[in-house]
A.B. asks: 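Following this message is one structure expressed as structure tokens.
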Amino acid sequence: MARQGSKDRGVTFKDGGWWVRLYRDGREIWKKCDSKSQARSLYGKLKGQIREDKYFPKLKKREPLLFETVALSYADDLDSNPDRRRKGDDRARVQYWVDRFGKQDVETITTSQIEQAIKELRAPLIERSGRLASGQQRSHETARRYFGTLHAILERARRKLKESKVQMMNPASDVTFKKADNTLVRYLTQEQEAALLAALPPRFHPLISVALHTGMRQGELFRLRWSDIDWFAGTIKIQITKADTPRHAPMNSVVQAVLSGLKQTALRSSDEAVFPFGPRYLRRAFERAVIKARLAPFRFHDLRHTFASRLSMLGVNDRTLKVLGGWASTSMLDRYSHLSPSHCWQAVEGLAQFGTGSKTGRTSSSQEKEALKSTAST
């Protein structure tokens with residue numbers, strides 16, 4: 001707009017035409033126009049753009065952050081952690097999500113895509129894949145672990161973008177995933193234990209016996225060295241535990257006999273593993289034995305449940321059971337409070353040993369039975 005009694009700022013007439021003159025980023029800019037009114041309008045428009053760029057700078061378009069890049073970095077960092085006991089456990093789950101979202105920008109992944117992927121994850125398989133045959137499907141707990149891996153990868157991507165001043169919401173946070181009920185506990189009866197051992201190759205029998213009589217976890221058994229066994233004290237020192245606190249497991253006569261037999265079969269050094277075979281060989285043989293003995297579904301960890309359940313049925317108190325099993329709190333023992341049907345029947349049958357006579361004049365149970373017999377005979 002022209003000033004009163006003066007020339008318009010930035011608008012000038014020279015060389016027979018109207019021009020716009022202004023500075024942008026320290027550089028002088030000239031724009032030729034057809035008329036004075038056009039020059040005024042262009043000058044205002046250009047000055048507005050300069051002010052907008054100054055106060056509202058345009059964000060530079062970022063390079064896409066591929067899901068594959070974040071996922072593989074996540075897996076590498078997990079395996080490089082020196083405190084991680086089982087390296088490579090997450091590789092299969094990471095690879096599943098890489099196959100799904102590998103070349104996609106993490107910022108474009110939606111909640112609906114994740115929900116659909118989880119639905120397909122639980123669907124029955126058409127072809128054999130890994131340990132799952134055609135027609136089988138992954139369990140709810142397995143799907144939950146896959147989802148946890150995806151959530152962690154996307155959370156890492158969110159933090160990475162935040163460092164670049166890019167705000168992103170984790171789409172996995174809006175997915176409602178029902179928590180699995182892990183209170184189900186399976187335990188072996190004496191007959192089922194015999195059937196399991198009969199279906200297993202003999203080389204695995206010592207490990208199963210030690211697991212049943214010590215409650216040691218599978219990882220603790222495979223990390224066991226001969227130097228961890230104190231024959232004089234009759235204990236096994238478990239160096240690395242789930243709670244990161246070493247503990248001692250007492251050896252009963254069965255465990256001592258089993259380990260003594262293993263010790264005598266060959267001259268073993270103190271740093272050699274007590275059970276020299278790998279967990280992969282045990283897993284295959286154990287799964288086949290469970291099917292053959294008709295115990296499915298039954299897991300190796302259920303041997304630890306059997307250990308705790310049998311102690312509970314023997315009347316061992318919670319404090320002692322907590323120490324023997326290495327549990328962090330007694331609340332974990334609630335799942336082992338179940339008893340076998342025969343044990344429960346014996347408990348209530350014990351009530352029959354007590355008379356129901358009282359000071360109120362009620363007759364005893366034997367008197368009531370005699371009265372019923374006499375009534376029936378008449």
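Any value given below was found using the heavy atoms of this structure, including those in side chains, with hydrogens, waters and symmetry copies removed.
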A.B. asks: Going by heavy atoms in the side chains, are Trp97 and Ile109 under 4.5 Å from each other?
C.D. replies: no

A.B. asks: Which heavy atom of His213 sits nearest to which heavy atom of Asn252, and what is that distance?
C.D. replies: ND1-ND2, 3.0 Å

A.B. asks: If you measure from OH on Tyr43 to OG1 on Thr12, what distance do you get to the nearest 0.5 Å?
C.D. replies: 12.0 Å

A.B. asks: More than 12 foreign heavy atoms under 6.0 Å from OH of Tyr281: is that the case here?
C.D. replies: no

A.B. asks: Please walk me through it: do Leu259 and Ile236 pass side-chain contact (heavy atoms from CB on, under 4.5 Å)?
C.D. replies: CA-CA 11 Å; Leu259 294 182; Ile236 297 174; 4.1 Å; yes

A.B. asks: Quick one: NZ on Lys237 to OG on Ser227, what's the gap to the nearest 0.5 Å?
C.D. replies: 9.5 Å

A.B. asks: Is Lys263 positioned over the aromatic face of Trp231, cation under 6.0 angstrom from the ring centre and no more than 45 degrees off axis?
C.D. replies: no

A.B. asks: Show your working on side-chain contact (heavy atoms from CB on, under 4.5 Å) between Leu303 and Phe286 and close with a plain yes or no.
C.D. replies: CA-CA 12 Å; Leu303 298 176; Phe286 191 84; 4.3 Å; yes

A.B. asks: Listed by chain and number, what are the ring-ring contact (aromatic ring centres under 6.0 Å, His included) partners of Phe307, not counting sequence neighbours?
C.D. replies: none

A.B. asks: Answer yes or no: is there a side-chain heavy-atom contact under 4.5 Å between Trp18 and Leu42?
C.D. replies: no

A.B. asks: Please tell me if the side chains of Gln239 and Asp228 come closer than 4.5 Å, counting only heavy atoms from C-beta onward.
C.D. replies: yes

A.B. asks: Phe275, Val255: one ILVMFWY side-chain cluster at the under-4.5 Å cut-off?
C.D. replies: yes

A.B. asks: What's the spacing between Thr214 OG1 and Leu221 CG if we round to 0.5 Å?
C.D. replies: 5.5 Å

A.B. asks: Inspect the contact between Arg304 and Glu220 and indicate whether a charged nitrogen and a carboxylate oxygen are less than 4.0 angstrom apart.
C.D. replies: no

A.B. asks: Can you find a pair of side-chain heavy atoms, one from Glu68 and one from Lys103, that are under 4.5 Å apart?
C.D. replies: yes

A.B. asks: What closest approach, in Å, do Ala273 and Arg225 show between heavy atoms, and which atom pair accounts for it?
C.D. replies: CB-NH1, 3.4 Å

A.B. asks: Looking at CG of Leu154 and OG of Ser173, how far apart are the two atoms once the value is rounded to the nearest 0.5 Å?
C.D. replies: 8.5 Å

A.B. asks: For a quick check under 3.5 Å, do Thr108 and Asp105 share a side-chain donor-acceptor pair by atom type?
C.D. replies: no

A.B. asks: So does Lys119 have more than 12 non-hydrogen atoms from other groups sitting under 6.0 Å from NZ?
C.D. replies: no

A.B. asks: Closest approach of Glu107 and Gln167, non-hydrogen atoms and distance?
C.D. replies: OE2-O, 3.9 Å

A.B. asks: Would you say Tyr96 ends up clustered with Leu66 if hydrophobic residues are merged whenever their side chains have heavy atoms under 4.5 Å apart, either directly or through other cluster members?
C.D. replies: no

A.B. asks: Would you call Thr110 and Pro171 a side-chain contact if the rule is heavy atoms closer than 4.5 Å?
C.D. replies: no

A.B. asks: Let's go through Arg299 and Asp302 carefully: what are the C-alpha distance in whole Å and the side-chain angles of both, what is the deciding distance for salt bridge (charged side-chain N to carboxylate O under 4.0 Å, His left out) to 0.1 Å, and is it a yes or a no?
C.D. replies: CA-CA 5 Å; Arg299 310 158 302 170; Asp302 293 326; 2.7 Å; yes

A.B. asks: One thing to verify: whether Arg156 and Asp77 come together as a salt bridge, which I'm taking to mean a side-chain N less than 4.0 angstrom from a carboxylate O.
C.D. replies: yes

A.B. asks: With the side chain counted from C-beta on, respond yes when Gln38 and Lys31 share a heavy-atom pair under 4.5 Å apart, and no when they do not.
C.D. replies: no

A.B. asks: Any side-chain heavy-atom pair from Phe13 and Lys36 closer than 4.5 angstrom?
C.D. replies: no

A.B. asks: Is any NZ, NE, NH1 or NH2 atom of the basic residue among Lys160 and Glu163 found under 4.0 Å from an Asp or Glu carboxylate oxygen of the other?
C.D. replies: no

A.B. asks: Quick check: closest heavy atoms across His248 and Thr235, and the distance to 0.1 Å?
C.D. replies: CD2-OG1, 4.0 Å

A.B. asks: Determine, using the 4.5 Å side-chain heavy-atom cutoff (strictly less than), whether Phe277 and Trp226 are members of one ILVMFWY cluster.
C.D. replies: yes

A.B. asks: Flag the pair Phe101 / Gln113 as yes when at least one side-chain heavy-atom distance between them is below 4.5 Å, and no otherwise.
C.D. replies: yes

A.B. asks: Going by the side-chain contact (heavy atoms from CB on, under 4.5 Å) test, name the single residue among Thr142, Leu150, Thr149 that passes it with Arg93.
C.D. replies: Thr149

A.B. asks: For residues Gln218 and Pro279, report the shortest heavy-atom separation together with the two atoms involved.
C.D. replies: NE2-CB, 3.6 Å

A.B. asks: NZ/Lys47 to CG/Leu22 distance, rounded to the nearest 0.5 angstrom?
C.D. replies: 6.0 Å

A.B. asks: Measuring from atom CZ of Phe67 to atom CD1 of Ile153, what distance do you get when rounded to the nearest 0.5 angstrom?
C.D. replies: 4.0 Å

A.B. asks: Do Leu188 and Val254 land in one hydrophobic cluster if side-chain heavy atoms of ILVMFWY residues count as linked below 4.5 Å?
C.D. replies: yes

A.B. asks: Does Ile229 form a side-chain contact (heavy atoms from CB on, under 4.5 Å) with Val274? I'd like the steps, not just the answer.
C.D. replies: CA-CA 10 Å; Ile229 300 175; Val274 175; 4.2 Å; yes

A.B. asks: Determine the minimum heavy-atom distance between Cys33 and Val20, stating which atoms define it.
C.D. replies: SG-CG2, 4.0 Å

A.B. asks: Any chain of hydrophobic side-chain contacts (each under 4.5 Å) joining Leu197 to Ile291?
C.D. replies: no

